[in-house]
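Structure record follows, encoded as structure tokens.
Count residues from 1 along the sequence. Fair warning: this is a prediction, and the values are worked out from it, not measured in the lab. Atoms within each ligand, like the ligands themselves, are counted from 1 in listed order. Note: hydrogens, waters and symmetry copies are ignored here, and every other heavy atom, side chains too, is used.
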Amino acid sequence: QSQEVSQARIDYHVALQALQEHGTRMVCTGKMHTDRICRFDYLCYSSEAEEFVFFHSNSSVMLPNLGSRRFQPALLDLSSVEDHNTQYFNFLELPAAALKFMPKPVFVPDITLILNRFNPDNLMHVFHDDLLPAYYTMNQYSDLDDEARLVFMEGWSEGPHFDLYRLLSSKQPLLKEQLKNFGKLMCFTKSYVGLSKMTTWYQYGFVQPQGPKANILVSGNEIRQFARALMDKMNITRVEEMEKEGGSGEDEKEKEKKDDYIVVFSRSTTRLILNEAEVIMALAQEFQMRVVTVSLEEQSFPSIVQVISGASMLVSMHGAQLITSLFLPRGAAVVELFPFAVNPEQYTPYKTLASLPGMDIHYISWRNTKEENTVTHPDRPWEQGGIAHLDKEEQDRIQASKEVPRHLCCRNPEWLFRIYQDTLVDIPSFLEVLKEGMKTKPSLKKAKVASTVHPGRVREPKCQTSVQTTNEAKLTVSWQIPWNLKFLKVREVKYEVWIQEQGENTYMPYILPQQNYTFSENIKPFTTYLVWVRCIFNKNLLGPFADVLTCRT
Ligand code: UDP
């Protein structure tokens with residue numbers, strides 16, 4: 001035992017000496033505060049000052065060295081929400097010599113990921129802003145493994161979904177509040193600060209009305225792998241690839257058919273479906289399937305995921321619980337219901353998720369268009385959509401309005417008033433929307449065949465020219481197939497050729513099935529043409545252009 005203690009002392013001594021001699025070292029990725037993640041040796045945190053501290057010494061490293069631009073507006077975003085001014089990360093600086101006058105630091109030996117959760121009370125935010133980004137940030141840095149320590153600096157308490165955060169690593173995540181318990185000064189031996197935004201698909205409307213992110217970088221594949229990893233951690237026995245319509249033999253198909261069921265995700269406190277029983281009956285009758293209901297108030301989260309992961313269809317009011325559609329099997333459908341005066345086109349976090357390339361979830365929305373079927377709650381607190389605190393005039397305007405105009409996040413009273421209505425679902429219009437929507441549902445077989453492999457560059461592109469008469473010329477372009485094509489079974493291979501007369505700013509595009517073509521229309525003698533060629537698989541998988549050809553007639 002004494003051996004252990006002295007060992008710990010030596011480690012402590014070594015660590016303290018390293019900190020004093022080397023100070024803090026920081027190396028970051030990213031050009032902007034919005035895409036930056038930093039790795040630190042010996043980043044410290046003063047629970048007294050509630051600030052991170054960077055200790056300067058002769059061998060400190062600070063890359064990027066931004067000078068005071070570090071405060072314009074910050075070194076990095078600590079949450080995955082882009083450029084939110086309550087989520088910035090920075091540190092204070094001190095000379096390492098100041099350590100002599102400071103409380104003895106406590107060292108955290110674990111490799112640590114430091115981040116802000118954005119809104120841990122809301123399930124959509126938990127998954128979209130925290131779990132997925134943290135999962136893939138940890139994928140990005142291999143030393144952030146199952147033993148990594150997560151530290152949540154947003155300052156909230158555990159919240160209702162803390163068990164989900166616990167799935168990210170085997171070590172208990174730390175809250176800002178708990179850092180005090182480690183003493184006045186704690187130093188993270190090795191840490192990463194910030195979250196990858198690569199997997200986020202939605203912006204919540206802080207600077208422009210909410211909607212899909214401008215440049216989505218995630219596909220269904222990554223979402224599904226994350227979902228699978230989480231299910232494994234929750235010990236959910238996946239009904240392995242019980243993908244709808246996926247059976248090969250007829251027997252199998254028959255068996256699957258019997259297992260098909262619809263899930264209605266119900267909310268029990270706000271934004272209710274007032275005639276849920278009727279909705280369930282209508283669904284069962286229309287699709288000849290079993291219908292099960294789940295709710296966050298009644299089931300454990302893993303048991304909900306278990307049910308959803310085998311469902312053919314998920315039906316729910318608009319709301320955070322719909323993020324669970326990421327656990328649906330490929331080929332399933334999501335049906336999202338919207339209260340009166342709420343335009344489904346303007347609130348699309350779940351539509352965007354379902355529509356990610358390769359997600360293979362069919363999305364359908366229904367909206368209540370009958371005002372007599374809505375139940376409003378003007379007298380509730382404002383955050384549940386109450387409007388009693390507003391001028392009479394404004395209340396009247398909101399009550400009379402038939403659609404919430406576009407708005408910014410997050411406290412627009414008209415939006416909150418409408419989104420917290422309860423709804424009596426009009427069964428005929430609901431079934432109509434469902435029937436129409438299911439007509440355009442692609443079969444999973446088709447989706448599966450559509451591969452995601454892109455063509456390579458066409459090889460050996462060449463042009464030959466000839467002049468026929470004073471105003472006629474020919475331009476022959478030829479090329480070889482992309483190198484990867486010979487290993488692939490591709491349903492349809494086409495080539496696209498762009499021809500531009502040098503100096504012009506328009507070009508003529510052509511789609512061709514073969515590997516060479518002689519152009520004579522619109523080809524002039526004694527003229528220079530620029531020619532680009534690329535390959536296209538199955539109509540929409542574009543390859544890169546080969547180097548431009550310069551062809552003189
Ligand atoms: N919630 C729930 N049942 C309800 C109302 C809300 O389970 O009746 C959950 C909801 O899924 C979300 C959180 O409580 O995780 C906050 O709900 P809120 O209505 O504020 O957000 P929204 O669902 O509109 O994103």
Side-chain angles (χ1 to χ4, degrees), residues 80-81 117-132 156-165 200-206 209-212 230 263-276 279 292-305 307-308 314-328 334-344 346-354 365 367-368 374-377 380-386 404 407-425:
S80 72
V81 174
R117 297 180 297 169
F118 188 70
N119 181 355
D121 284 351
N122 181 299
L123 202 58
M124 159 67 184
H125 287 281
V126 169
F127 275 90
H128 178 269
D129 309 340
D130 309 338
L131 296 176
L132 264 159
W156 294 38
S157 59
E158 288 190 352
H161 304 293
F162 205 63
D163 280 345
L164 292 173
Y165 294 95
T200 57
W201 63 85
Y202 207 69
Q203 62 85 10
Y204 299 120
F206 296 109
Q210 64 170 273
L230 231 55
V263 176
V264 172
F265 205 138
S266 80
R267 296 171 57 110
S268 355
T269 56
T270 60
R271 205 176 305 147
L272 308 177
I273 299 171
L274 294 168
N275 53 340
E276 213 168 83
V279 168
V292 277
T293 48
V294 295
S295 84
L296 288 166
E297 288 88 352
E298 263 145 61
Q299 272 107 350
S300 72
F301 192 75
S303 71
I304 291 174
V305 171
V307 173
I308 286 177
L314 174 61
V315 180
S316 179
M317 262 295 157
H318 171 80
Q321 68 287 343
L322 267 170
I323 192 63
T324 54
S325 57
L326 65 81
F327 294 102
L328 282 170
V334 170
V335 184
E336 182 173 16
L337 313 179
F338 287 84
F340 181 75
V342 178
N343 183 347
Q346 289 168 21
Y347 309 96
T348 57
Y350 314 109
K351 179 185 182 180
T352 306
L353 169 62
S365 69
R367 71 191 281 193
N368 176 20
T374 199
V375 174
T376 62
H377 300 287
R380 286 192 180 164
W382 69 267
E383 67 277 13
Q384 286 168 42
V404 180
H407 58 90
L408 295 180
C409 190
C410 312
R411 298 189 169 193
N412 181 292
E414 182 170 356
W415 152 249
L416 292 171
F417 175 70
R418 290 305 184 183
I419 200 58
Y420 281 111
Q421 295 169 114
D422 301 330
T423 305
L424 192 84
V425 175

[atom]: nearest protein contact (heavy atom, Å):
atom	result
atom 16 (C) of ligand 1	Asn122 ND2, 3.9 Å
atom 24 (O) of ligand 1	Arg271 NH2, 2.8 Å
atom 12 (C) of ligand 1	Ala320 CB, 3.5 Å
atom 14 (O) of ligand 1	Asp121 O, 4.6 Å
atom 18 (P) of ligand 1	Tyr420 OH, 3.3 Å

### Task
Would you please indicate if the ring centroids of His161 and Phe127 are separated by under 6.0 Å?
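No, they do not, as the ring centres are separated by 6.0 Å or more.
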Would you find a donor on one side and an acceptor on the other, under 3.5 Å apart, between the side chain of [X] and the backbone of [Y]?
X	Y	value
Glu276	Leu272	no
Gln203	Pro209	yes
Arg117	His125	no
Asp130	Phe118	yes
His318	Glu336	no
Arg271	Ile419	yes

### Task
Could you say whether the N/O atoms of Leu296 and ligand 1 ever approach to under 3.5 Å?
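No; the residue has no nitrogen or oxygen that sits under 3.5 Å from a nitrogen or oxygen of the ligand.
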#### Entry: His161-ligand 1 polar pair, N/O distance under 3.5 Å
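No; every N/O pair is 3.5 Å or more apart.
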### Options Glu383, Met317, Arg267, ranked by nearest heavy atom to atom 23 (O) of ligand 1, top entry
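Among Glu383, Met317, Arg267, the closest heavy atom to atom 23 (O) of ligand 1 belongs to Arg267.
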### Task
Could you check which of Met124, His318, Glu297 puts a non-hydrogen atom nearest to atom 3 (N) of ligand 1?
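Considering heavy atoms of Met124, His318, Glu297, the nearest to atom 3 (N) of ligand 1 sits in Glu297.
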### Message
Show the atoms of ligand 1 that are less than 4.0 angstrom away from any heavy atom in Gly319.
### Response
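What qualifies from ligand 1 is 23 (O).
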### Task
List every atom of ligand 1 that sits less than 4.0 Å from any heavy atom of Leu123, numbering the atoms from 1 in the order shown and giving each element.
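The list of qualifying atoms is 15 (O).
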### Query
How far apart are the closest heavy atoms of Gly319 and Arg267, and which atoms are they?
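That would be CA-NH1, 3.7 Å.
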